[in-house]
There are 2 protein chains.
Amino acid sequence: MEDDLVFKALADRTRRLLLDTLFERDGRSLGELEEVVNQHTEMSRYGVSKHLRLLVEADLVTVRKSGRERLHHLNAVPIRLIHDRWIDKYTEPHIRALTDLKALAETETPAEREGHDDG
Amino acid sequence: MEDDLVFKALADRTRRLLLDTLFERDGRSLGELEEVVNQHTEMSRYGVSKHLRLLVEADLVTVRKSGRERLHHLNAVPIRLIHDRWIDKYTEPHIRALTDLKALAETETPAEREGHDDG
DNA sequence: TTGACATGTGACCTTTTGGTCACATATTTT
DNA sequence: AAAATATGTGACCAAAAGGTCACATGTCAA
């Protein structure tokens with residue numbers, strides 16, 4: 001059961017930050033990623049490298065060598081498989097409506113929420 | 001950051017089994033879920049209860065009291081949010097094509113795979 | 001070839017998580 | 001009311017994961 005690796009990989013905040021960073025822009029080196037991580041939390045290069053290895057083993061990140069650098073890319077396929085595991089295509093439109101609603105609610109200002117009541 | 005709870009909740013195999021079970025059919029009691037879990041692995045009711053609590057705290061499972069039972073329901077919204085976090089709507093069709101391809105490949109018999117070469 | 005740069009790996013320690021149990025509450029049945 | 005059923009909670013221990021370091025390989029530039 002290798003999907004274990006995917007879920008374990010996603011279970012750590014630093015690794016999710018790495019995915020977020022690669023989602024924003026692909027093809028970054030370890031050094032570049034280390035820099036981004038250190039804007040949020042203090043961590044050695046070794047720690048970042050270890051996290052990246054887990055992401056690669058889970059196939060959430062792919063690596064392409066370029067000279068002495070290794071450039072990292074986000075692979076979203078495992079994410080899609082998670083989605084498909086618990087959201088079937090018949091209920092998907094309903095779920096999407098709910099998440100869109102949630103996104104809307106979260107962009108509202110507090111004032112806009114006055115009077116709403118979800119008892 | 002409460003999305004932490006979702007990813008932590010998904011990181012355990014027993015909890016994923018619980019979600020699979022509820023995905024198959026909603027509205028099960030703790031006792032019923034315990035039974036299913038014990039078809040796969042040995043675990044006390046206490047363990048299952050603890051796992052369920054984490055799922056509820058992550059809002060992946062909702063509970064409705066019915067007499068002395070508590071019926072559990074799968075809530076797929078957090079799953080959808082994971083999807084939306086790393087798959088934007090523009091690349092989604094591409095990713096879906098890839099996952100469909102993967103699903104197809106996995107239903108092939110070994111014989112059918114002869115001659116394929118993805119180098 | 002030599003030195004600087006970019007990165008991988010196994011050992012080690014600390015923190016977190018998984019699992020069980022004893023005890024508790026709430027509801028149904030008799 | 002008392003017994004049986006269905007479930008929640010905090011304490012506790014064992015197992016797993018997170019983080020750092022020393023040491024290593026491979027690549028670029030001079």
Side-chain angles (χ1 to χ4, degrees), chain A residues 1-22 26-73, chain B residues 1-22 26-73:
Chain A
M1 311 227 158
E2 276 121 35
D3 64 26
D4 231 63
L5 290 178
V6 175
F7 291 104
K8 294 285 182 192
L10 290 174
D12 182 82
R13 177 170 306 185
T14 300
R15 290 194 289 269
R16 292 197 298 276
L17 171 59
L18 288 170
L19 292 181
D20 288 339
T21 305
L22 292 176
D26 251 335
R28 308 210 197 204
S29 69
L30 168 60
E32 199 174 347
L33 289 169
E34 183 202 346
E35 209 173 310
V36 175
V37 168
N38 275 286
Q39 287 166 11
H40 294 76
T41 175
E42 230 166 285
M43 185 177 303
S44 74
R45 181 174 61 76
Y46 313 100
V48 177
S49 172
K50 202 165 172 178
H51 283 303
L52 273 174
R53 183 167 70 218
L54 293 185
L55 287 170
V56 171
E57 284 172 359
D59 198 32
L60 283 161
V61 165
T62 58
V63 181
R64 186 172 58 80
K65 285 197 70 167
S66 167
R68 59 183 152 182
E69 291 187 328
R70 290 161 42 91
L71 303 183
H72 299 81
H73 297 262
Chain B
M1 308 228 163
E2 275 120 34
D3 66 25
D4 232 65
L5 291 177
V6 175
F7 292 104
K8 294 284 182 193
L10 290 175
D12 181 82
R13 177 171 305 185
T14 301
R15 290 195 289 270
R16 291 196 297 275
L17 171 60
L18 288 169
L19 293 181
D20 288 338
T21 306
L22 293 176
D26 252 334
R28 310 210 197 203
S29 68
L30 169 60
E32 200 174 346
L33 289 169
E34 183 201 345
E35 211 173 308
V36 175
V37 169
N38 276 285
Q39 288 165 11
H40 293 76
T41 177
E42 232 166 284
M43 187 179 301
S44 75
R45 180 175 63 74
Y46 312 100
V48 178
S49 172
K50 201 165 173 177
H51 283 302
L52 273 174
R53 184 167 68 216
L54 293 186
L55 287 170
V56 171
E57 283 173 357
D59 199 31
L60 283 161
V61 165
T62 57
V63 181
R64 187 171 56 80
K65 286 197 69 166
S66 167
R68 60 183 150 184
E69 291 186 329
R70 288 161 45 93
L71 303 182
H72 298 81
H73 298 261

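Keep in mind the model is a prediction, meaning the values are calculated, not measured. The chains referred to below are lettered A, B, ... by the order of the sequence lines, with proteins before strands, and numbering in each begins at 1.
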Open item on the list: Can you identify which nucleotide, out of D:dG18, C:dG18, C:dT20, has its nearest atom closest to the A:L54 side chain?
Closed with: D:dG18

- [ ] Specify the separation, in whole Å, of atom CG of B:L30 and atom C1' of D:dG8.
- [x] 10 Å

- [ ] Looking only at side-chain atoms of A:R15, point me to the closest of D:dG8, D:dG18, C:dG19.
- [x] D:dG18

Task: Under-4.0 Å side-chain N/O to phosphate OP1/OP2 contact, A:S49 with C:dT7 - done: no

Task: Phosphate contact (C:dA6 OP1 or OP2) by A:S29 side-chain N/O below 4.0 Å - done: no

Open item on the list: If you compare all heavy atoms of B:A9 against all heavy atoms of B:L55, which two are closest, and at what distance to 0.1 Å?
Closed with: CB-CD2, 4.1 Å

- [ ] Provide the closest heavy-atom pair for B:L71 versus B:S29 in the form atom of the first, atom of the second, distance.
- [x] CD2-N, 4.0 Å

Open item on the list: Let me confirm one number: the NE2-CZ distance from A:H51 to A:R13, rounded to the nearest 0.5 Å.
Closed with: 12.0 Å

TODO: Would you kindly give the CZ-to-C1' distance between B:R64 and D:dA6, to the nearest whole Å?
DONE: 15 Å

Task: Phosphate-side-chain proximity, A:R70 and C:dA6, N/O vs OP1/OP2 below 4.0 Å - done: no

Task: Value in whole Å for how far the P atom of D:dG19 lies from CG of A:L52 - done: 13 Å

Open item on the list: It should be established whether A:S44 places a side-chain nitrogen or oxygen under 4.0 Å from OP1 or OP2 of nucleotide D:dT20.
Closed with: yes

Task: Interatomic distance where CG belongs to B:D4 and C1' belongs to C:dT16 [whole Å] - done: 12 Å

TODO: Please tell me which of A:K65 and B:Y46 maps to the more 5' nucleotide of DNA chain D, matching each residue to the nucleotide holding its nearest heavy atom.
DONE: B:Y46

TODO: Name the closest nucleotide to the A:D12 side chain, picking from D:dT7, D:dA4, D:dG18.
DONE: D:dG18

TODO: By nearest nucleotide on DNA chain C, pick out whichever of B:M43 and A:R45 is the more 5' one.
DONE: A:R45

Open item on the list: B:L52 and side chain to side chain contact (heavy atoms under 4.5 Å, CB included): which single residue from B:R70, B:H72, B:E57 fits?
Closed with: B:H72

Task: 5′-ward residue of the pair B:R53/A:A11 relative to DNA chain D - done: B:R53

Open item on the list: Does A:G47 reach a base, just sugar-phosphate, or nothing at all? Heavy atoms under 4.0 Å.
Closed with: base

TODO: Would you indicate what B:K8 reaches in the nucleic acid, counting non-hydrogen atoms under 4.0 angstrom: base, sugar-phosphate, or nothing?
DONE: sugar-phosphate

Task: Nucleotide C:dA6, atom P - distance to NE2 of A:H72 in whole Å - done: 14 Å

Open item on the list: Can you measure B:E69 atom CD to D:dA4 atom C1' for me and round it to whole angstrom units?
Closed with: 14 Å

Task: B:K50 side-chain proximity, nearest of D:dT5, D:dT20, C:dT20 - done: C:dT20

Task: Test item: B:L18 and B:V37 side chains (from C-beta on) under 4.5 Å apart, heavy atoms - done: yes

TODO: Mind calculating the distance between CZ (B:R68) and C1' (C:dA24) to the nearest angstrom?
DONE: 17 Å

- [ ] Could you check which of D:dA29, D:dT7, C:dG19 has an atom nearest any side-chain atom of B:H51?
- [x] C:dG19

TODO: Grab the CZ-P distance between A:R16 and D:dA17 for me, whole Å please.
DONE: 16 Å

TODO: Indicate the atoms forming the closest heavy-atom contact of A:V36 with A:R28, along with that distance.
DONE: CG2-NH1, 4.0 Å

